[in-house]
Amino acid sequence: MSTPVSLTPTSFIIRASGLVKAYRSGGGSVTVLNGIDLVVPRGEFLAIMGPSGSGKSTLLNLLGGIDRPDCGTVQVDGVDIGAMSAGQLAAWRASHIGFIFQAYHLVPVLNAFENVELPLLLTPLSRQERKERVHAALASLGLDQRSHHRPSQLSGGQQQRVAIARAVVADPQLIVADEPTGNLDGEARDEVMSLISDLNRSLGKTIIMVTHDTKAGAAASRILHLDKGSLQSEVQLGAAAYKLAAAGELALDRRSP
Ligand code: ADP
Ligand code: MG
């Protein structure tokens, strides 16, 4: 007998609804996100693509609880993150969401070990437990020999690997990545993409990655396009294109004798 597949609320690690975000500019305000609804199943590798300035980082920051929407709600793992105070949210984020940024965002005066340890300082782990976790994360990214190096002593690819170690050290289920290959090229870019794919495939992490690099986007299991403040899926775009093509063909048919 087959078991019916049911999507319980926790099947979705992200449930965002009605997200609106506007920024003041000059005298007026510019609406960047215009009522975004998004659900992300647990274990998905989602890419959000769109032109520069389309609001990709703004959306990712709302989903990751770095910023708050003007309207709408974000639930991560069943928790309404808008209901938390800034302090509660910072502590919750440290153990539930890993962040990877285009420019790495490592603290320049801290070495690799200390950078990776940062999210753990907001958890109840002991000093010894933190040390073990940080060494394991650095080793899993091939950085065991680099723990005393500061960011300026590392290549771009190595810095991004330190940032990936920092993103996974607290073992969060969700990783958000904003243009993670944007400052890299060639081998370093491919290496970072393959590490991020591995987090999804081998460790089952849910990944939400913003990128305008089509090669990076191709690694994802679903691609959404952000344009003019709204999200469109590949499938919808495909269906729309299909309808247009079909309409065009019909028009041609009617013209043919
Ligand atoms: P993307 O990541 O797709 O390039 P962003 O989310 O960074 O886009 O920005 C979307 C739009 O919002 C841009 O027009 C940008 O100038 C504007 N914007 C982003 N952050 C701010 C801010 N803090 N204050 C004012 N405008 C902002
Ligand atoms: Mg951006």
**Item:** Ring centers of Phe99, His105 separated by less than 6.0 Å
**Value:**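 Not close enough - the centres of the two rings lie 6.0 Å or further apart.
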Pairwise side-chain contact, [X] with [Y], heavy-atom cut-off 4.5 Å (strictly under):
{"X": "Met84", "Y": "Arg93", "answer": "no"}
{"X": "Leu19", "Y": "Cys71", "answer": "no"}
{"X": "Pro51", "Y": "His212", "answer": "no"}
{"X": "Arg166", "Y": "Pro119", "answer": "yes"}
{"X": "Arg146", "Y": "Gln153", "answer": "no"}
{"X": "Ser29", "Y": "Tyr23", "answer": "no"}
{"X": "Arg222", "Y": "Leu46", "answer": "yes"}
{"X": "Val79", "Y": "Val76", "answer": "no"}

**Asked** Between Ser230 and Asn34, is a side-chain hydrogen bond (donor to acceptor under 3.5 Å, both in side chains) present by the stated rule, with each step listed?
**Response** CA-CA 6 Å; Ser230 301; Asn34 203 358; 5.3 Å; no
**Request:** May I have the step-by-step check of side-chain contact (heavy atoms from CB on, under 4.5 Å) for Asp77 and Arg42, ending in yes or no?
**Result:** CA-CA 9 Å; Asp77 234 346; Arg42 200 173 286 281; 2.7 Å; yes
**Prompt:** Where do Ile13 and Gln173 land on the side-chain contact (heavy atoms from CB on, under 4.5 Å) test, with the steps shown first?
**Reply:** CA-CA 8 Å; Ile13 197 160; Gln173 288 309 300; 3.7 Å; yes
**With sequence neighbours excluded, residues passing salt bridge (Lys or Arg N to Asp or Glu O under 4.0 Å) with Lys205** =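 In terms of salt bridge (Lys or Arg N to Asp or Glu O under 4.0 Å), with neighbours along the sequence ignored, Lys205 is linked to Asp171.
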**Request:** Evaluate the criterion side-chain contact (heavy atoms from CB on, under 4.5 Å) for residue pair Lys131 and His135; output intermediate values, then yes/no.
**Result:** CA-CA 6 Å; Lys131 192 175 164 188; His135 280 305; 3.8 Å; yes
**Asp198/Leu203 under side-chain contact (heavy atoms from CB on, under 4.5 Å): CA gap, chis, key distance, verdict** = CA-CA 7 Å; Asp198 254 17; Leu203 301 180; over 6 Å; no
**Request:** Starting from the C-alpha separation in whole Å, work towards a yes-or-no answer on side-chain hydrogen bond (donor to acceptor under 3.5 Å, both in side chains) for Asn183 and Gln102.
**Result:** CA-CA 6 Å; Asn183 284 15; Gln102 174 171 357; 2.8 Å; yes
**Prompt:** Going through the distances and angles, do Ser126 and Glu129 end up as a side-chain hydrogen bond (donor to acceptor under 3.5 Å, both in side chains)?
**Reply:** CA-CA 5 Å; Ser126 70; Glu129 286 168 323; 3.2 Å; yes
Sidechain-backbone polar pair: [X] side chain, [Y] backbone, donor-acceptor under 3.5 Å:
{"X": "Asp70", "Y": "Ala22", "result": "yes"}
{"X": "Ser140", "Y": "Ala137", "result": "yes"}
{"X": "Thr31", "Y": "Leu33", "result": "no"}

**Message:** For a quick test of reading the model, state the closest non-hydrogen atom pair linking Asp190 to Lys215 and the distance between them.
**Reply:**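 Result for this residue pair: OD1-NZ, 3.3 Å.
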**Item:** Trace of the salt bridge (Lys or Arg N to Asp or Glu O under 4.0 Å) decision for Arg15 with Asp37
**Value:** CA-CA 8 Å; Arg15 285 173 171 273; Asp37 298 317; over 6 Å; no
**Message:** Checking Asp227 against Ser54: is there a side-chain donor and acceptor pair closer than 3.5 Å?
**Reply:**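 Result is no, nothing qualifies.
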